[in-house]
Amino acid sequence: MKTLFSAISCFFTLLFFGQQTSKNLLPFVKPIIGTQRMGHVYPGATAPFGMVQLSPDTDTIPYAVNGKYNPDVYKYCAGYQYDDKTIVGFSHTHFSGTGHSDLGDFLIMPTTGNLQLNPGTAAAPLKGFRSTFSHENEIAEAGYYKVKLDDYNITAELTASTRVGMHQYTFPKTDQAHIILDLMAGIYNYDEKNVWTYVRVVNDTLITGYKQTNGWARTRTIYFAMSFSKPFKNYGQKNFDEKQVYRGFWRKFDQENNFPEIAGKKIRMFFDFNTEANEKIKIKFALSPVSQKNAVQNLIEEIPHWDFEKIKKQTQDSWNQELNKIQIDATPDDKTNFYTAMYHTFITPTVYEDRNGEYKGLDQDVHQANGFTNYTTFSLWDTYRTLHPLFNVLQTKRNADMVASMLAHYDQSSLHMLPIWSHHANDNWCMSGYHSVSVIADAILKGTYTGDAEVALNACVTTARKRNYEGIGYYIDKGYIPSEKSGISVSNTLEYAYDDWAIAQLAKKLNKTDIYNEFIQRSENWRNNFNPVSGFMEPKLANGEFKKDFDAYSTHGQGFIEGNSWNYSFFVPHNPNALVTIMGGKKQFGKKLDTLFNMHLSDDFFAETEDITRDGIIGGYVHGNEPAHHVVYLYNWADQPWKTQERVRQILKMQYKPTPDGLGGNDDCGQMSAWYIFSAMGFYPVAPGSLEYAIGSPLITNAIIHLENGNTFEVATQNQSETNPYVKRIILNGKTLNRYFITHDEIMNGGKITFIMSSKK
């Protein structure tokens, strides 16, 4: 059934794209954007939503030094920092744009000369196997990466299918060519992170094995199959685990040289070759969440040949197909920003199943994905806001499968909870809220997910009633979380209230009046943290009093996660009208928004959090982090839409640039990029779960959205220019639109919206 379903899906995809003129949009994708400073994206090769993310790692900064967190590691959430001068190797798994990390599995490094099995340091690269490199000899494209390793005169090229990474290394003439397989390597590494590693040398071109880690994902096992295009002449390994007291009777063998079965916590392997000048050695490296056998099957079925250029073309063709879902006219820089943003939004969540449909579940058992593709990497605190709503427009089939994956997660959960922040058959419980309920409700309300809605609602309700999870019991009983009970009491209350509203909307659709009444009442709990005296959301004590020594500017000790009260006080996306009223009416509300965007924050503000820097700040508005992403659109509710329009244009220009440092904050699995795509087209989902999109100010000149249902929705502009950010008039399907929102159905039914732009407010 899986194969038949895939064939049918492929047929309709071809049919759909046969109805439009495909453009070559690959030149506008620059994966190097966001690799410098705060973007935390990687420049390497991956297929759309691919399981393999094959990319260079530029240092080996440990998570902890002397048992304490090492803040330098934060720069390496994606393994790569543009300012670095050396490459340690190329690993197969990476997160895109996160502010915490894991992964970096199975690092491969080609070398020549005397064998070294230590990576060395950035200050002394020649003492290890790392190599210097130059950006002048580096190419990063969608689905392809190339760099010259200067210390070895080796050209490295990478591409990938969904489950297989393909390497191509061009060597000089030498009888000392090596390929190192570092099984110790990882991102956010520490001494005990590797639980166990197993390697089996099947023959002189095929190696299989697995690696188990204890990191952000507490119990993560990943299997691999590695195939060489040329037999190696010699191989060996070194176990760097000096703490391993008991080694059993395997010591009877010489396990370091040409021994076919290796096991340990800290293993590095090497494979030796003789090479002629410009000889290419290729590697296919397949991953599996289930078994070595499945990894081999993935390898054989996805890349059954050694034609590197063929795989590169196939993957780049698939990227071009995805990019053509929106065809825009804009300035060259804006097109680069737009299509790079599309690229970043189509990286995660990632496929997490083998070619045969098997995957490892949250219960650590093997499951079969029947009727859907299983996905992982759900950074939901970030992506519920804009990424998944974007998928409800551009990736309806995939988003439906993502919802099915979340519900499978729920079924496998011993805690009977939907995912919070999940990856690789684990929940790492990161961040605030239970935002999978927002994604699920939004997908059902918009007709994306057509599975059993009552089963989905039950999963949402059960998760939201989990009293022993992060203050939910207090939240249910008191209507807020006492500050004595949680360091993020206010942000949790605010985010739970929004999620509860999303549940209420789903219950209303299903005519579940009792559930609707319960959760629509809970959705008003945000009021309990609003202090009418100060006009801010504040932490409240268990006795009902507001906490003393409140500081609306501080991000530390005020009850918020990755933000301050100035940003979180506007977090009532589901009921902006009530927020406007409680803050003193439209005029006063508009003034408060003005203050947010016009204030100046002192350097002290940035000393308390690594996730917020000046890169992502406009006044006091933090665009480089997620909680305030909807705030610029709230001027519409204050009857000042022109301020939304001018500020949206300001953010688009200031926070997104076609340069390595072109992202003002962590891309967070595509959330920052999804904000750009919606906003550049002139509308935005302020409250997922609502069928309305707030109007902003389009940056593009024209956009044609090719929907999966076969319809097209066109965004056109008149008098578009950088000096004309204001929307004078809107025409939808030939009629003047006398409101500052459009609906989901108006987009999905196809048609045309025209913005007449002006230099006057």
Side-chain angles (χ1 to χ4, degrees), residues 29-61 73-109 130 133 135 138-147 156-162 165-167 182 185-189 216 222 285 287 315-316 319 339-351 376-377 379 382 387 423-424 659-663 665-673:
V29 175
K30 306 295 183 185
I32 210 72
I33 293 173
T35 59
Q36 190 176 31
R37 294 178 60 77
M38 288 294 290
H40 288 188
V41 296
Y42 59 82
T46 189
F49 304 96
M51 183 190 296
V52 169
Q53 307 90 35
L54 179 52
S55 189
D57 297 329
T58 57
D59 216 332
T60 55
I61 301 298
V73 76
Y74 178 75
K75 295 186 296 183
Y76 294 93
C77 290
Y80 180 101
Q81 264 293 335
Y82 186 83
D83 290 336
D84 287 348
K85 307 301 182 184
T86 65
I87 285 176
V88 181
F90 309 96
S91 62
H92 292 79
T93 57
H94 294 83
F95 288 130
S96 180
T98 55
H100 195 80
S101 202
D102 207 344
L103 311 183
D105 300 297
F106 307 124
L107 182 139
I108 289 177
M109 184 63 176
R130 73 174 68 206
F133 78 106
H135 295 301
E138 183 182 38
I139 297 172
E141 300 174 353
Y144 176 69
Y145 178 84
K146 179 180 181 180
V147 70
E157 297 176 89
L158 313 174
T159 190
S161 61
T162 299
M166 193 168 186
H167 309 237
D182 188 345
I187 300 170
Y188 272 43
N189 246 1
W216 203 15
I222 186 166
F285 202 104
L287 301 182
T315 299
Q316 293 199 317
W319 272 116
Y339 285 112
T340 301
M342 283 191 70
Y343 169 79
H344 282 143
T345 59
F346 294 166
I347 289 176
T348 50
T350 54
V351 170
T376 191
T377 316
S379 178
D382 309 294
L387 182 73
H423 73 280
H424 293 75
T659 57
D661 63 347
L663 289 176
N666 303 160
D667 197 52
D668 282 313
C669 292
Q671 166 60 25
M672 283 274 286
S673 291

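Only heavy atoms go into these numbers, but all of them, side chains included; no hydrogens, no water, no symmetry mates. Just so you know, residue 1 is the first one in the sequence shown, and it goes up from there.
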Among Tyr188, Tyr76, Phe95, ring pair (Phe, Tyr, Trp, His ring centres under 6.0 Å) partner for His100: Tyr188
Minimum side-chain heavy-atom gap Met672-Asn666 below 4.5 Å: no
Least distance between heavy atoms, Gln671 atom then Leu387 atom: OE1-N, 3.5 Å
Minimum side-chain heavy-atom gap Cys669-Asp382 below 4.5 Å: no
Closest heavy-atom pair and its distance - Tyr339, Val29: O-CG2, 3.7 Å
Donor-acceptor contact below 3.5 Å, side chain Thr58 vs main chain Gln81: yes
Pairwise side-chain contact, Leu663 with His40, heavy-atom cut-off 4.5 Å (strictly under): no
Salt-bridge criterion met for Arg130 and Asp59 (N-O under 4.0 Å): yes
Any side-chain donor near an acceptor of the partner, Asp668 and Ser379, under 3.5 Å: no
Side-chain touch Leu54/His167, heavy atoms, less than 4.5 angstrom: yes
His135-Phe133 aromatic ring centre distance below 6.0 Å: yes
Worked check of side chain to side chain contact (heavy atoms under 4.5 Å, CB included) between Lys75 and Ile61: CA-CA 9 Å; Lys75 295 186 296 183; Ile61 301 298; over 6 Å; no
Gap between atom NZ of Lys30 and atom CD of Glu141 - 0.5 Å precision: 7.5 Å
Validation row: Thr46, Tyr145 side chains within 4.5 angstrom (heavy atoms): no
Evaluation steps, side chain to side chain contact (heavy atoms under 4.5 Å, CB included), between Tyr80 and Ile32: CA-CA 10 Å; Tyr80 180 101; Ile32 210 72; 3.8 Å; yes
Side chain to side chain contact (heavy atoms under 4.5 Å, CB included) between Ile187 and His94, worked out: CA-CA 8 Å; Ile187 300 170; His94 294 83; 3.6 Å; yes
Atom of Thr345, atom of Met342 and distance for their closest heavy-atom approach: OG1-O, 2.7 Å
Side chain proximity check, Thr60 to Asn189, heavy atoms < 4.5 angstrom: no
Stepwise side chain to side chain contact (heavy atoms under 4.5 Å, CB included) test for Val147 and Phe90: CA-CA 11 Å; Val147 70; Phe90 309 96; 3.9 Å; yes
